[in-house]
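The analysis underlying the following values was restricted to heavy atoms, covering all of them including side chains, and did not include hydrogens, waters or symmetry mates.
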Amino acid sequence: MIKISNTINSFFLISFLLLLGFQISAQKKINLDENWKFHFGNSSTPEKDFNFGGVLLFHKSNVSETTVISQKFVDTVWTKVNVPHDWVVQLPFVESSTHEMDSHGYKPVGGLYPETTIGWYRKHFTIDKKNINNRFEIQFDGIYRNATIWINGFYVGTNFSGYLGKSYDITDFMDFDNENVIVIRVDATQSEGWFYEGAGIYRHVWLKVMNNVHILENGVYVHSIINDKKAQITIETEIENKNLTNTNGKIYAYITDQKGNQIAKTAEQNFVNSIDGTTKIKQTVSLNNVNLWSLENPYLYKVVSVLKQNNQIIDKKKVNFGIKTVKFDSNKGFFLNGKHIKIQGTNNHQDHAGLGSALPDFIQYYRIKLLKQMGCNAYRTSHNAPTPELLEACDSLGLLVLDEQRLLNSSEEYKNQF
């Protein structure tokens, strides 16, 4: 029996098993919101910031056990929190004459307040050895802001944006014998807006366990052509191959109605994917007597894309979608399903009074229901990419969305955030 003794050995063993073509299970998405540890750092004094800046925190391996990014660092005295978490909303109000404090709710965060503008998070979790052949990806829906991420002492990456989610492949760093530890340093020294922004891991965190051949995150795109009560549905599925050899398999997709009944299915289609490559497969089906998505009747279908190898399902992804036509006319205005509609909406920052930026999912639905009761038919996400749950609420309750982006210019950094 082969024993995995550390993360480096894990990497070579995983690579060896993949070369042998071992089969692994379909993708799982595990919520990691509970049982984090939190501690303030300091933006001006390294000694008060766990020596960030005073010692090397981008080690190749074998980090000191006393270093905050080490698996064995003792964090028992840190505060236990669940995410989504916004540490700013819990801070006291301060009196200030600066515009920065005025626009951020008179809370002590930013460059003037080094003691409360850096936050450290640590998360412990274990992985069963039966998953050793799988790939692992950590997904952060939103961290405000400038988040530096390590796992088991290895630097993973940095996400500067306070509003865009980010995913990282952490397969090579996984430890199957000991607790895995995610460490995140969040730096809210700089602001991105002129409104309350909060700070911390304020959206959900997920661990994805998946086959080496899998559907990419946001890898299913659905669009339609409507003719009277009929619709031709095109399903585009993007497949990634992380095996060390070329791979092949089959893909099909099916559609269910709002009650979950299967109403259409594509034929199984063969695909071939090169090493570390991606392949996009387009499939079409026809639907009769379709229910169009509208403000009054936000009818949602569901498409499920399915990957198979050796007659076994290795991955599948579900996506809700509405069938509708949208048209903008420079002279006549906006049309939904051929009907002229005057857009009547509001600009909305993502925070909620008394709750800050870390909102329970039900608050998103509560807010959209209230806006609809007020007569709104549209929601402008001012001024940043929204949380996925907000978009789901608008889709399911019947609200148009003007999905705004935070940064607008042609630099590579900004373009990569779209």
Give the ring-plane orientation class for [X] versus [Y], where under 30° counts as parallel, over 60° as perpendicular and anything between as tilted.
X: Trp120; Y: Phe52; value: perpendicular
X: Tyr366; Y: His352; value: tilted
X: His85; Y: Phe38; value: perpendicular

Are side-chain N/O atoms of Glu389 and Tyr365 paired as donor and acceptor at under 3.5 Å?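 Checked: Glu389/Tyr365 side chains show no N/O donor-acceptor pair below 3.5 Å.
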Side chains of Thr148 and Asn146: is there a donor and an acceptor less than 3.5 Å apart?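 No.
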Let's go through Tyr196 and Asp86 carefully: what are the C-alpha distance in whole Å and the side-chain angles of both, what is the deciding distance for side-chain hydrogen bond (donor to acceptor under 3.5 Å, both in side chains) to 0.1 Å, and is it a yes or a no? CA-CA 11 Å; Tyr196 178 86; Asp86 174 6; 2.7 Å; yes
For the ring pair (Phe, Tyr, Trp, His ring centres under 6.0 Å) test, which of Phe40, Phe50, Tyr121 pairs with Trp78?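 The residue from Phe40, Phe50, Tyr121 that satisfies ring pair (Phe, Tyr, Trp, His ring centres under 6.0 Å) with Trp78 turns out to be Phe50.
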Applying side-chain hydrogen bond (donor to acceptor under 3.5 Å, both in side chains) to Thr245 and Asn243, what does each step give before you reach the verdict? CA-CA 5 Å; Thr245 60; Asn243 279 319; 5.3 Å; no
Please report the closest heavy-atom contact between Val183 and Val68, naming both atoms and the distance.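 Closest approach of Val183 to Val68: CG2-O, 3.8 Å.
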Quick check: do Ser43 and Asp49 have side-chain heavy atoms less than 4.5 Å from each other?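 Counting from C-beta outward, Ser43 and Asp49 never come under 4.5 Å.
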Is the closest side-chain heavy-atom distance between Trp293 and Asn337 below 4.5 Å?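 Trp293 does not reach Asn337 side chain to side chain.
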Basic-acidic side-chain contact under 4.0 Å: Asp187, Arg145: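 The answer is no: the pair does not qualify as a salt bridge.
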Residues Glu217 and Lys208 bridged, charged N to O under 4.0 Å: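 Yes.
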Kindly compute the distance separating [atom1] ([X]) from [atom2] ([Y]), expressed to the nearest 0.5 Å.
X: Thr79; Y: Trp87; atom1: OG1; atom2: CH2; result: 12.5 Å
X: Glu197; Y: Tyr202; atom1: CD; atom2: OH; result: 9.0 Å
X: His214; Y: Asn134; atom1: NE2; atom2: CG; result: 11.0 Å
X: Leu292; Y: Lys229; atom1: CG; atom2: NZ; result: 6.0 Å

Just by modelled atom types, is the Phe335 backbone N or O under 3.5 Å from a matching donor or acceptor in the Lys327 side chain?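 Judged by distance alone, no pair lies under 3.5 Å.
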Residue pair Ser286, Asn288: steps toward the side-chain hydrogen bond (donor to acceptor under 3.5 Å, both in side chains) verdict: CA-CA 7 Å; Ser286 296; Asn288 296 319; over 6 Å; no
Check step by step if side-chain contact (heavy atoms from CB on, under 4.5 Å) holds for Tyr144 and Val88. CA-CA 11 Å; Tyr144 192 86; Val88 174; over 6 Å; no
Evaluate the side-chain hydrogen bond (donor to acceptor under 3.5 Å, both in side chains) criterion for residues Gln405 and Tyr163: first the C-alpha distance (whole Å), next the side-chain angles of each, then the deciding distance (0.1 Å), finally the verdict. CA-CA 9 Å; Gln405 187 48 275; Tyr163 296 102; over 6 Å; no
